[in-house]
Amino acid sequence: RPGLALCAGCGGRIQDPFLLRVSPDLEWHVACLKCAECGQPLDETCTCFLRDGKAYCKRDYSRLFGIKCAQCRAAFSSSDLVMRARDHVYHLECFRCAACGRQLLPGDQFCLRERDLLCRADHGPPSDGAAAHGPRSP
């Protein structure tokens, strides 16, 4: 209700005829709801994201807090298909062997060494000749 709410942006009492409510308990003056990063006004026509009490536009929220590809470090769009290896997430085109560059497809066997993906040919068991020289180091 106007006059009783406190603005989450400036802390002042909202006496305007209109206010913006973000999440169940945060209310803002229409002029105060702006992206904390770029200052873009966030009104009923924009998607608004909250983090630690600050409001962000979709672009800045994704850039600052979104999951990024483990290979190219770019953010994902909602339409991207991804591949996962442990806690790493990759664009399909970035999911490649670090040694030979071959794109790894669903069902391919691979190894994850630190941040590097390796196809079976580049991480597989040692050949007979290599085994004769003793164990391989990890």
Could you tell me if the side chain of C38 sits less than 4.5 Å from the side chain of R59, heavy atoms only?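 Yes, side chains in contact.
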Could you tell me whether the side chain of C57 reaches within less than 4.5 Å of the side chain of C48, counting heavy atoms only?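 No, too far: nothing below the 4.5 Å cut-off.
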L92 atom CG: more than 12 heavy-atom contacts under 6.0 Å: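 Yes.
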Side chain to side chain contact (heavy atoms under 4.5 Å, CB included) for M83 and L104? Distances and angles first, verdict last. CA-CA 9 Å; M83 297 290 282; L104 299 168; 5.9 Å; no
Shared ILVMFWY cluster between [X] and [Y], side chains joined below 4.5 angstrom?
| X | Y | value |
| --- | --- | --- |
| V30 | W28 | yes |
| I67 | V82 | yes |
| L81 | V89 | no |

Which atom of [X] lies closest to which atom of [Y], heavy atoms considered:
| X | Y | value |
| --- | --- | --- |
| S62 | A75 | O-CB, 4.3 Å |
| A85 | L117 | CB-CD2, 4.2 Å |
| R96 | G101 | NH1-O, 3.0 Å |
| P41 | K34 | CA-CG, 4.1 Å |
| L42 | C35 | CD1-N, 3.5 Å |

Excluding sequence neighbours, so at least two apart, what forms side chain to side chain donor-acceptor pair (under 3.5 Å) with S79?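 Here the qualifying residues are S77.
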Please identify each residue that fulfils side chain to side chain donor-acceptor pair (under 3.5 Å) with Q40, with sequence neighbours left out.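 In terms of side chain to side chain donor-acceptor pair (under 3.5 Å), with neighbours along the sequence ignored, Q40 is linked to no residue.
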Mind checking what makes side-chain contact (heavy atoms from CB on, under 4.5 Å) contact with R86, not counting sequence neighbours?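 By the side-chain contact (heavy atoms from CB on, under 4.5 Å) rule, R86 matches L112.
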Show me the pairs that pass salt bridge (charged side-chain N to carboxylate O under 4.0 Å, His left out) and involve residues 68-84, at least two apart or across chains.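 Output for this query is empty, none listed.
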Roughly how far, to the nearest 0.5 Å, is the [atom2] atom of [Y] from the [atom1] atom of [X]?
| X | Y | atom1 | atom2 | answer |
| --- | --- | --- | --- | --- |
| H88 | C69 | NE2 | SG | 11.0 Å |
| R51 | D60 | CZ | CG | 13.5 Å |
| L105 | F95 | CG | CZ | 9.5 Å |

Is a donor on one side and an acceptor on the other found under 3.5 Å between the side chain of R115 and the backbone of Q71?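 No, because the side chain of R115 does not come within donor-acceptor range (under 3.5 Å) of the backbone of Q71.
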Mind checking ring-ring contact (aromatic ring centres under 6.0 Å, His included) for H29 and listing every partner two or more places apart, or none if nothing turns up?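 H29 satisfies ring-ring contact (aromatic ring centres under 6.0 Å, His included) with no other residue.
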For F76, check ring-ring contact (aromatic ring centres under 6.0 Å, His included) against everything at least two apart and list the hits.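 Partners of F76 by the ring-ring contact (aromatic ring centres under 6.0 Å, His included) criterion, ordered by chain and then number, come out as H91.
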Could you list the cluster mates of F49? Members are the ILVMFWY residues connected by side-chain heavy atoms closer than 4.5 Å, either directly or through other members.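 Y56, Y61, L64, F65, all in the cluster of F49.
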Taking transitive links into account, so neighbours of neighbours count too, which hydrophobic residues share a cluster with L118 at under 4.5 Å side-chain distance?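 Via sub-4.5 Å side-chain contacts, L118 links to none.
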Checking E37 now: which residues fulfil salt bridge (charged side-chain N to carboxylate O under 4.0 Å, His left out) with it, not counting sequence neighbours?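 For E37, the residues satisfying salt bridge (charged side-chain N to carboxylate O under 4.0 Å, His left out) (neighbours in sequence not counted) are R63.
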Salt bridge (charged side-chain N to carboxylate O under 4.0 Å, His left out) with D108: which residues, sequence neighbours excluded?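 Salt bridge (charged side-chain N to carboxylate O under 4.0 Å, His left out) list for D108, sorted by chain: R102.
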